Amino acid sequence: MGDAPASPAAAASSKPTDEDVLEALKDVVDPELGINVVDLGLIYGVHVDDDSTVVVDMTLTSAACPLTDMIEDQAEAALEGMVNALHINWVWMPPWTAAKISDDGRDQLRAMGFNV
């Protein structure tokens, strides 16, 4: 019958790498800055268990950010079919600084008029 897409269960059966997870998380955009959370340097760590459960250590540009639910929803959507479960461990130490932004993130922010 051809090239039917794999079911989400089949996709999650092969364990993704940390790099796979980070690449998928580039679809998660910080709602305030409009840049993905990977290039903003908000991802502090990724751990993939043998059963394809993923734990992501993530911070925000501000601990008072009210948008954690939106970011969690985006992350779940970005990883759907790739992982069996996602847990975001919100961390605040060390605090996020602009020094954590990748070169690509800086280019994107400059294109939007930010001086970084």
Side-chain angles (χ1 to χ4, degrees):
M1 288 264 149
D3 297 305
S7 70
S13 66
S14 62
K15 180 180 166 185
T17 65
D18 294 359
E19 292 78 23
D20 294 335
V21 171
L22 285 171
E23 189 61 35
L25 289 175
K26 287 185 177 182
D27 289 342
V28 179
V29 175
D30 179 280
E32 294 176 318
L33 294 174
I35 306 298
N36 74 72
V37 295
V38 175
D39 285 330
L40 275 176
L42 299 178
I43 306 296
Y44 283 5
V46 172
H47 177 76
V48 182
D49 289 338
D50 289 337
D51 69 349
S52 294
T53 295
V54 172
V55 177
V56 175
D57 292 333
M58 184 185 298
T59 194
L60 297 169
T61 56
S62 164
C65 179
L67 303 171
T68 55
D69 289 344
M70 182 182 295
I71 291 172
E72 286 181 1
D73 290 346
Q74 285 185 47
E76 287 176 5
L79 295 171
E80 186 175 357
M82 180 187 293
V83 304
N84 288 325
L86 168 66
H87 174 72
I88 297 178
N89 181 32
W90 296 105
V91 294
W92 309 110
M93 290 305 210
W96 178 86
T97 67
K100 296 186 183 304
I101 302 172
S102 72
D103 290 341
D104 286 343
R106 289 179 188 286
D107 290 344
Q108 294 171 55
L109 286 168
R110 284 186 196 107
M112 294 169 45
F114 288 96
N115 184 17
V116 289

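None of these values were measured; they are calculated from a predicted model.
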Rounded to the nearest 0.5 Å, how far does [atom2] of [Y] lie from [atom1] of [X]?
X	Y	atom1	atom2	value
Ser52	Leu79	OG	CG	11.0 Å
Thr61	Ile35	OG1	CD1	12.0 Å
Ile101	Leu42	CD1	CG	8.5 Å

Non-neighbouring partners of [X] that pass salt bridge (charged side-chain N to carboxylate O under 4.0 Å, His left out), sequence neighbours left out:
X	result
Arg110	Asp107
Glu76	none
Asp103	none
Asp73	none

[Y] backbone acceptor or donor facing [X] side chain under 3.5 Å:
X	Y	value
Gln74	Val29	yes
Tyr44	Pro94	yes
Thr59	Val91	yes
Asp51	Thr53	yes

My understanding is that only residues two or more places apart in sequence, or in another chain, count here; which of them pass side chain to side chain donor-acceptor pair (under 3.5 Å) with [X]?
X	result
His87	none
Thr68	none
Asp104	none

Check: Residues sharing Met70's hydrophobic cluster, by side-chain heavy-atom contacts under 4.5 Å among ILVMFWY, directly or via others?
Finding: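 Members alongside Met70: Leu67.
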
Results of side-chain contact (heavy atoms from CB on, under 4.5 Å) for [X] - residues two or more places apart only:
X	result
Ser62	Ala64
Asp18	Val46, Val48
Val38	Leu22, Leu25, Lys26, Asn36, Ile43

Checklist line | Nearest atoms (heavy-atom pairs only) where Met112 meets Leu33 | finding: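 It is CE-O, 2.8 Å.
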
Next item on the list: Taking all non-hydrogen atoms of both residues into account, name the closest pair between Met82 and Ala24 and its distance.
Entry: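 So the minimum-distance heavy-atom pair works out to CE-CB, 3.8 Å.
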
Check: With a 4.5 Å heavy-atom cut-off, do Ile71 and Leu60 have their side chains touching?
Finding: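 A side-chain contact exists here, since the closest heavy-atom pair is under 4.5 Å.
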
Item checked: Cluster overlap Val55 with Met58, hydrophobic side-chain contacts below 4.5 Å ->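 They do not share one cluster, since no chain of ILVMFWY contacts under 4.5 Å joins Val55 to Met58.
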
Margin query: Any donor-acceptor pair under 3.5 Å linking the side-chain atoms of Asn89 with those of Asp57?
Written below: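 Asn89 and Asp57 do have a side-chain donor-acceptor pair below 3.5 Å.
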
Next item on the list: Any pair with a residue in residues 91-102 that passes side-chain hydrogen bond (donor to acceptor under 3.5 Å, both in side chains), sequence neighbours left out, goes on the list, sorted by first then second residue, please.
Entry: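 Checked against side-chain hydrogen bond (donor to acceptor under 3.5 Å, both in side chains) - neighbours excluded - the pairs reaching residues 91-102 are Asp39-Ser102.
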
